[in-house]
Each structure stands twice: as structure tokens, then as C-alpha cells.
Amino acid sequence: MEGDAAVLKYEEELAKFQPSPDVEKVEDVVYNNNLTDVIDIVKELIQDAKGMV
């Protein structure tokens, strides 16, 4: 077959894979913190608006 050299050998690549330690550190920080997201902000705005009426 033409282009066989360019074909990835997925099993070989997966065997060599090592997750980035930086990504794992960031995941830990994100998952272990109570971060405010847009939904939380919208909920707070709605509660504030209800209190003003």
C-alpha cells in the first residue's frame, strides 16, 4: 500500500503515551475548587432581581 509510512500505529502510540503532569495539576485545581460559573452568576442575578420587585 502506498503511504504506509505515514499511517499511525495506534497501539504503539498509545503504549508511548504519558499524560502531561501540568494538565493533571490543572485538573486537580479545577475539580477541587468551588468555582463560580455563568449559571451561578445568573442565579444570583435572578435572586437579586426578585428581591428588588
Side-chain angles (χ1 to χ4, degrees):
M1 242 186 198
E2 289 181 36
D4 280 340
V7 175
L8 289 176
K9 295 187 172 57
Y10 289 105
E11 291 180 14
E12 289 178 20
E13 292 299 320
L14 285 173
K16 291 189 272 182
F17 176 76
Q18 294 181 358
S20 169
D22 293 336
V23 171
E24 290 183 4
K25 287 179 188 175
V26 170
E27 285 177 341
D28 290 342
V29 169
V30 169
Y31 289 126
N32 292 324
N33 283 308
N34 185 9
L35 301 175
T36 302
D37 63 5
V38 173
I39 304 261
D40 295 330
I41 295 168
V42 170
K43 286 178 182 178
E44 187 175 333
L45 290 171
I46 291 171
Q47 290 298 333
D48 290 348
K50 286 181 180 179
M52 296 175 124
V53 177

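Remember, it's a predicted structure, so these values are computed and weren't measured experimentally.
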Checklist entry - Heavy-atom distance under 4.5 Å between the side chains of I46 and K50, does that happen here? => result yes

Checklist outcome for this item: Rounding to 0.5 Å, atoms NZ (K9) and CG (L14) come to a distance of 14.0 Å

Checklist entry - Got a sec: does the CD of E11 have more than 12 other heavy atoms crowding it under 6.0 Å? => result no

Next on the checklist: Show the nearest heavy-atom pair for residues N33 and V29, with the distance to one decimal.
Outcome noted: ND2-O, 2.6 Å

Next on the checklist: For I39, is the CD1 atom crowded, meaning more than 12 foreign heavy atoms sit under 6.0 Å from it?
Outcome noted: no

Checklist entry - Taking atom CD of E44 as the centre, does the number of heavy atoms from other residues, nucleotides or ligands within less than 6.0 Å exceed 12? => result no

